[in-house]
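Structure, as structure tokens:
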Amino acid sequence: MNKNLAAIYQSVVEGESSQTAKKVQEALDEGINAEVILNEGMVSAMSEVGRLFEQGEYFVPEMLISARAMQEGLSVLKPALAKAEVRSTGKVVIGTVNGDLHDIGKNLVGMMLEGAAFEVIDLGTDVPPERFVEAIKTNGAQIVAISALLTTTMNNMKGVIQAICAAGLRKNVKIIVGGAPLSADFAQSIGADGYSADASKAVALAKSLIA
Amino acid sequence: MNKNLAAIYQSVVEGESSQTAKKVQEALDEGINAEVILNEGMVSAMSEVGRLFEQGEYFVPEMLISARAMQEGLSVLKPALAKAEVRSTGKVVIGTVNGDLHDIGKNLVGMMLEGAAFEVIDLGTDVPPERFVEAIKTNGAQIVAISALLTTTMNNMKGVIQAICAAGLRKNVKIIVGGAPLSADFAQSIGADGYSADASKAVALAKSLIA
Amino acid sequence: MAKKYQELAIKDPTDFLFGVSPYPVSLKNGLTIGGGKVYPEINFTLPGMGINPETMPEVRDQYAQMIGDVTKRAAELHADGFSVEYELLPDLTLNPEWGAEITKLLREKLDGLAQNEAIKTCLRVTPNDIREFSRPPLLRHGKFVDDMFRCFELCAQAGADLLAIESTGGKEIHDDAIIKGDLAASVFALGILGSRDMKFLWEKIVSICKRYDVIPSGDSACGFGNTAMVLAEQHYIPRIWAALIRVMTVPRSLVAFEEGAVGPNKDCAYEGVYIKAITGAPIALEGAEAACAHLSPIGNIAKAVPDLWSNESVQNVKLLAASAPTVSMEQLIYATRLMNKAADKGKGSALALRDLFIDSDSAGDVQAYILRPDVALDLSRQIIAEPTAYLRTRKAALAALDCFRKAQEKREITLSRVELRWLDALSRQADQLPDSEEEFIAQMRPTLDPAKVNLSEYDL
Amino acid sequence: MAKKYQELAIKDPTDFLFGVSPYPVSLKNGLTIGGGKVYPEINFTLPGMGINPETMPEVRDQYAQMIGDVTKRAAELHADGFSVEYELLPDLTLNPEWGAEITKLLREKLDGLAQNEAIKTCLRVTPNDIREFSRPPLLRHGKFVDDMFRCFELCAQAGADLLAIESTGGKEIHDDAIIKGDLAASVFALGILGSRDMKFLWEKIVSICKRYDVIPSGDSACGFGNTAMVLAEQHYIPRIWAALIRVMTVPRSLVAFEEGAVGPNKDCAYEGVYIKAITGAPIALEGAEAACAHLSPIGNIAKAVPDLWSNESVQNVKLLAASAPTVSMEQLIYATRLMNKAADKGKGSALALRDLFIDSDSAGDVQAYILRPDVALDLSRQIIAEPTAYLRTRKAALAALDCFRKAQEKREITLSRVELRWLDALSRQADQLPDSEEEFIAQMRPTLDPAKVNLSEYDL
Ligand SMILES: [Zn+2]
Ligand SMILES: [Zn+2]
Ligand SMILES: [Zn+2]
């Protein structure tokens, strides 16, 4: 591998933000293709980070630092990428249903998705159905991820899905759901496309649905 | 209360079969109306037995002995009753669904219903839907009681209900269900009219449905 | 060829303790049951769903998910070993290939766990006694009998470590005996019918086990003793009657061991306490952590002498924390950790904990009282002094009733007025049981409905 | 007016024991918590369903069914007392009349039980902290604040014996701090924001309690410490970080007692072990029997010092035996029976059982280790030697990290290589915490997003 690409890879894995930015600039200056920098330098580094997480070597805090390093690198890369017309893995609208204030599970999923190069639009918590619909429209999202942590709010997910249907957007998006009181059965019963029992499995689920 | 009626009442409560038969005959000979003998002598005695059971003074074995005493009395009373055209509380077809061999819960319900003067047609265990349908037709039952003790057979209850619907008998009967893995929710979801969490509550349920 | 138990394997109550049995059972992987430690035995079952060719993929997924969940949690909590009991649902026994397929699936997952986490496990496979699908039951021939034995064979080949069953010979009579409070019918069902069927059945099971090098573990009088316990819990029958039935199941369940079973006996077989005393084989039991499957008055005292500690069974439903099987696994691990920690500290410490388990429950319910190690030893001694299953069952009844009466006098239990009335009534019934088995059979014969029971299936 | 804790209420580890607390709490009905016995505290919640005017009849039915089920089982198992925690769902707090209506329904059922079965009970009512429905949270004024306090008042009037809350001041910062491994932000959220909000909140709650003659019981740092524990259980954050957060929640939760709370502290507040050491108030805790609500590495050790023993919460779903609340009730009764039986036999016996609970878990996970009574006493002593909430939280961090390091050296715990790397990293962060609270606030201020946190709600 090119020396600069290797350095980018390394700095993302180790979560060195400024180093990543610097090395991306050097690679661009050297004439390396932006898409190559993205994929071989950064996306593959984030895969390695994922592997380290699976192995128990990294925890979420380390993943976050790596993800931030990748963001820094991306901001340098963006202008060059725009020309090369590169797609993100996909756009995801994410939020916790109305009536529910639980944040952290949703944040973890968002973070994991970003790590896998998804573009994530986070609507926060206590999100009414209309706001999901609006965000899908505005952002042209391919995936909607809905979270609920309470037995009394899990049924509100159905309302979100109905609103998406009513807006005629159901065929445009895959809907994934998660949260402690849910089960795969429940997800199916409300018409979701997928269910993930924990945040770390949400990425694989999202990828499989838009593959 | 008439001395003979009191003796009938007493002998049913104490489960003295031959005494009951004897006293019923004496009461008839004395010219007491058959329906009065039935209601004031025996049905009210069985209510007392039910009360003793609720209080923890009687157990099921004692109830069974009293029920048998009542049956003995009834067999003496039957000819006279036939003339008087007395209705039983109701006719119940009861059975355990196909694939399920559990007997005892169903038997208890049957026994409790008989104690409350229902006429019970017991189809046994592992009963296919057709046999429930046939028994409803043949006997003109007002109630069908279906039992299941396994998570793998509880869904067969739905098949029984569908068969009853398909045979055009749904409006003729009330359907009650019971068994360990069931819940009120489940009962509702398969279209039953009622659910009883235990045998001793099945009588009140059955009565309420045909009231 | 059958073994005869004429003296107790455990004689001293202070040698009667959780985790230790005179004749431990060792698996090929080195896991030893009854050798000093109590291991969890987890059991799980499908949520409400049918089993048929269309649903079989989902059935497989369910079992894969359940075994995945429990092995994951066991590894996270550093369990050093555990057993899985796979109790086949009727449909999985009626279709032995399906039953064996699930056995294989479980086996592979457990082998993976052994490899990745160095956790030693045991797989107990318990086919369903489908012989009662014939009514009256055909116990010795016919399609159901053939399929059931084929299921044993296929599951043995598919990787079972232990084979077990909850057999039902005599149950066709006993259900009514329970709800009628009919002691003679209960004795007949257990001491004559059940015991004869056990002899036939276990000879076969043991020979299948020999053929496939699998361990014949034991039987459970669940359909007798636990049916009674659950009915007593619902106030349908007196507790004293349920306790009496429990003791009367001992001779019947002992037959499996006479025919070559070696333990660990089945979790739901509370008569296992007596079986352990008599045979020295390790046993599984269940209590507080099995409340998901049945409520009971013996949640703590059942912890006094088990070698495996079980949750009985739980459906794969979702609770707030995790799947119900995961929750059960965690609870079993904590329960056994406590016992093993006590054992680590020495026998005195283990006995002290055992006595807390005992004293928690034994005075509160006669069904708990008869699980007291000293009581079980005393009654076991009296039972095995008799030569035949019938006479042992009769002795079980007489000795237990006598024991209840003395316990009440010593104020070790408190029977209500109503229970005392039943004690007298049951004693009157017991006193009428004849010495002669033939005489007893002759007495009982006319009371039996041939539509319900087929005596020829019992060589009668 | 606020109380200052400067020395430990419990000084000797051998006085630190389940069921006994220096300052027991007695209810009007005579039930005493912390007076020698551990009582079950059962908690239950709705199955998956919404709460709105149309579903309220069903909500009522559900609660009636759940309280009916658990009281029935408690009576059948001869419980001599128990507590019910009714934790209001957000919708039941947002509509205080609904919340109070359910309180009344529970009260009436418990009063009936007292009358018919002579079982003494306690009703703990825990409104939801709905103030975070504003984002950033409005903690001191506005509709949500008003409704929440009205809910406390209405529930007090409707028959609560105890009032409690799991308050969330500072959580808007702390969630991120957990997943970023940001020690300073965690200290800021707990030692500055959380503690200030606790002071405001508990002054109000205590005054409501005085007005209605109800007991102000305590708060739980559930949203902080248990969020971390659950994330550690899922391998998202290091266990050592979760353990550290737990110790750092102590000064924050102590504020409730400084303001007049008297216990029993909330079940899910594992910092309660420290609260009991410091204040002498009785506490509720939860462990193995709460696996239905959350898995944990502390299922046995949590039984070392509780005065109430809880299942945390379970939905009203059906298990094979009975409803899940019934199953929980049975399990709690057996768990507490064991502890009380040990206590009956004398303090030596109780301490021996306590030590089995401790030794079961304490070496296996650092989160368990910090619940060791001796460890909790040592750390508590160091924490309260400091004068302010901030300095106490800083000390909690420093002392806990030091404690982890020594425990590793003494081989009382075994930290993995990765955990040790984190131990070093967290120590580096802790060492940079300034002495001066003002300086610390000044440092933190620029890092805060005003869209997330409103510092004026904390008088900052
Ligand atoms: Zn069983
Ligand atoms: Zn909590
Ligand atoms: Zn709680």
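Order of the sequence lines fixes the chain letters, A, B, ..., with proteins taken first and strands second; residue numbering starts at 1 for each chain.
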D:K303, part contacting chain C, at a heavy-atom distance under 4.5 Å: neither
Option from C:E286, C:E289, C:Q331 for which side chain to side chain donor-acceptor pair (under 3.5 Å) with C:W309 holds: C:E289
Under 4.5 Å from a heavy atom of chain C, the part of D:A342 involved: both
C:E41 and C:K266: CA distance, side-chain angles, deciding distance, salt bridge (charged side-chain N to carboxylate O under 4.0 Å, His left out) verdict: CA-CA 10 Å; C:E41 181 165 46; C:K266 275 266 305 170; over 6 Å; no
Worked check of side chain to side chain contact (heavy atoms under 4.5 Å, CB included) between C:N128 and C:L89: CA-CA 6 Å; C:N128 187 259; C:L89 288 154; over 6 Å; no
Heavy-atom proximity to chain D below 4.5 Å, by part of C:I298: backbone
Part of C:L77 within contact of chain D (heavy atom distance under 4.5 Å): side chain
Chain D contact via C:N340 - side chain, backbone, both or neither, heavy atoms under 4.5 Å: neither
Donor-acceptor pair, side chain of C:E85 and main chain of C:T126, under 3.5 angstrom: no
Closest-packed option against chain C by number of heavy-atom pairs under 4.5 Å, given D:V327, D:L295, D:V230: D:L295
Chain C contacts, top residue of D:D355, D:T326, D:V314, D:L319 (heavy-atom pairs, under 4.5 Å): D:L319
Option in C:A322, C:G287, C:A290, C:P297 with maximal non-hydrogen atom pairs under 4.5 Å from chain D: C:P297
Nearest non-hydrogen partners of C:N316 and C:P325, listed with the distance: OD1-CD, 3.7 Å
Contacting moiety of C:D365, where chain D heavy atoms sit under 4.5 Å: neither
Side chain / backbone / both / neither for C:S328 at chain D, heavy atoms under 4.5 Å: neither
Nearest-0.5 Å distance, CD1 of residue C:I51 to CG of residue C:D91: 5.0 Å
Evaluation steps, side chain to side chain contact (heavy atoms under 4.5 Å, CB included), between D:L308 and D:D267: CA-CA 8 Å; D:L308 292 174; D:D267 54 346; over 6 Å; no
Pairs of heavy atoms under 4.5 Å with chain C: top-ranked of D:A324, D:G299, D:G364, D:A352: D:G299
Ring geometry between C:W241 and C:W422 (parallel below 30°, tilted from 30 to 60°, perpendicular above 60°): parallel
Under 4.5 Å from a heavy atom of chain C, the part of D:D344 involved: neither
Candidate pair D:T45 and D:E87, rule side-chain hydrogen bond (donor to acceptor under 3.5 Å, both in side chains), full reasoning: CA-CA 8 Å; D:T45 192; D:E87 229 175 303; over 6 Å; no
Top contributor to chain D contacts, counting heavy-atom pairs under 4.5 Å, from C:R337, C:E312, C:M339, C:E76: C:R337
Option that, when pairs with chain C are counted at under 4.5 Å, heavy atom only, ranks first among D:K345, D:E330, D:H294: D:E330
